[in-house]
Amino acid sequence: MRALDPPIRVLMPGRCFRYEAVDASHSFEFFQIEGLVVDRETSLADLKGMLEQFAHGLYGPETATRFRPGYYPFTEPSVAFDVTCLVCGGAGCPACKRTGWMTVLGAGMVHPTVLRNGGFDPDLYQGYAFGMGPDRMTLLRYGIADLRPLMAADLRFLEQFSGGR
């Protein structure tokens, strides 16, 4: 943030690691794309509209979305962004823990302390941020029930999504 002048609109991809057991929807290694917008008049409504457009573009215009309260240390308020489960259509299944919803990313308004530490006056500037995993987006987009085949580098599995290229 200190290297940029507002308005700021950036996407930052990266590889992440965490201490976690591998299962159908989690791994110790994953990719994350973080987004940040800082400007004079950004709002939670801007964030919600942008995320809804993203979800409709990726999963189809009929996809329902919702914001739920969440906790992320650098945003306040923080939200979890959910879409209707694309495996069961919202009826409830093991993939969505029988809720009918899947959380696809975390987001929120940039905390005033973060803005201040980034060199911005929080009385003049607001911002929103989000973080999403392209692996989870891929699982949902193609209805894949288990994350592990994506990480196995098995071309027989992966080529079905690239047209064999």
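The ring pair (Phe, Tyr, Trp, His ring centres under 6.0 Å) pairs that include a residue from residues 70-96 are Phe67-Phe81, where partners are two or more places apart or lie in different chains.
In this structure a side-chain-to-backbone donor-acceptor pair under 3.5 Å is missing from Thr42 to Val38. In terms of modelled atom types and a separation under 3.5 Å, the side chain of Arg141 and the main chain of Leu58 share a donor-acceptor contact. A donor-acceptor contact shorter than 3.5 Å links the side chain of Gln160 to the backbone of Phe157. Formation of a donor-acceptor pair under 3.5 Å by the His56 side chain with backbone atoms of Thr63 is found in this model. Judged by distance alone, with hydrogens and angles left aside, the side-chain atoms of Asn117 form no donor-acceptor pair with the main-chain N or O of Val114 at under 3.5 Å.
Crowding of Glu41 atom CD: a count of heavy atoms from other residues, nucleotides or ligands under 6.0 Å not exceeding 12. Under a cut-off of 6.0 angstrom, the local environment of CZ in Arg18 is crowded, with over 12 non-hydrogen atoms contributed by other residues, nucleotides or ligands.
Cluster annotation: Met1 and Val10 are assigned to the same hydrophobic cluster (Ile/Leu/Val/Met/Phe/Trp/Tyr, side-chain heavy-atom contacts under 4.5 Å, transitive). In the hydrophobic cluster analysis, where Ile, Leu, Val, Met, Phe, Trp and Tyr join through side-chain heavy atoms closer than 4.5 angstrom, Val37 is grouped apart from Met12. Criterion: ILVMFWY side-chain heavy atoms under 4.5 Å apart, direct or through other members. Under it, Leu124 and Leu4 are part of a common hydrophobic cluster. Hydrophobic cluster membership differs between Ile33 and Phe31, with clusters built from Ile, Leu, Val, Met, Phe, Trp and Tyr side chains linked at under 4.5 angstrom. Leu36 and Val79 fall into different hydrophobic clusters, where Ile, Leu, Val, Met, Phe, Trp and Tyr are joined by side-chain heavy atoms under 4.5 Å apart, directly or via other members.
A donor atom on one side chain and an acceptor atom on the other are found under 3.5 Å apart for Arg68 and Thr103.
The distance from atom CE of Met102 to atom SG of Cys93, rounded to the nearest 0.5 Å, is 6.5 Å. A distance of 9.0 Å separates CD of Glu159 from CG of Asp154, quoted to the nearest 0.5 Å. Rounded to the nearest 0.5 angstrom, Arg116 CZ and His111 NE2 are separated by 8.5 Å. The CG atom of Asp46 sits 7.5 Å away from atom CE of Met109, with the distance rounded to the nearest 0.5 Å.
Contact of the Cys16 side chain with the Phe30 side chain is registered, since non-hydrogen atoms from C-beta on lie closer than 4.5 Å. Using a 4.5 Å cut-off on side-chain heavy atoms (C-beta onward), Ser78 and Pro69 make no contact. Annotation: side chain of Arg148 is in contact with side chain of Val22 (closest heavy-atom distance under 4.5 Å). Contact annotation: the side chain of Leu51 never approaches that of Thr65 to less than 4.5 Å [non-hydrogen atoms, C-beta and beyond].
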Does the side-chain contact (heavy atoms from CB on, under 4.5 Å) test come out yes or no for Met132 and Met137, once each step is laid out?
CA-CA 8 Å; Met132 70 178 92; Met137 301 292 180; 3.6 Å; yes
Quick one, Tyr128 with Leu44, criterion side-chain contact (heavy atoms from CB on, under 4.5 Å). Give me CA distance, side-chain angles, the key distance, then yes/no.
CA-CA 7 Å; Tyr128 59 81; Leu44 201 58; over 6 Å; no
Please step through side-chain contact (heavy atoms from CB on, under 4.5 Å) for the pair Leu11 and Glu34, ending with a clear verdict.
CA-CA 6 Å; Leu11 289 174; Glu34 295 185 2; over 6 Å; no
Would Ile8 and Phe120 count as a side-chain contact (heavy atoms from CB on, under 4.5 Å) here? Give the steps.
CA-CA 11 Å; Ile8 296 174; Phe120 298 98; 3.5 Å; yes
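Of all the heavy atoms in Ala55 and Val83, the pair that sits closest is CB-CG1, 4.0 Å. When all heavy atoms are compared, the tightest approach of Trp101 to Ala64 is CZ3-O, 3.7 Å. Scanning all heavy atoms of the two residues, the minimum distance from Ala129 to Thr75 falls at CB-CG2, 4.3 Å.
Salt-bridge annotation for Arg9 and Asp39: present, with a side-chain N of the basic residue lying under 4.0 Å from a carboxylate O of the acidic one.
The salt bridge (Lys or Arg N to Asp or Glu O under 4.0 Å) check on Glu29 picks up Arg15, with sequence neighbours excluded.
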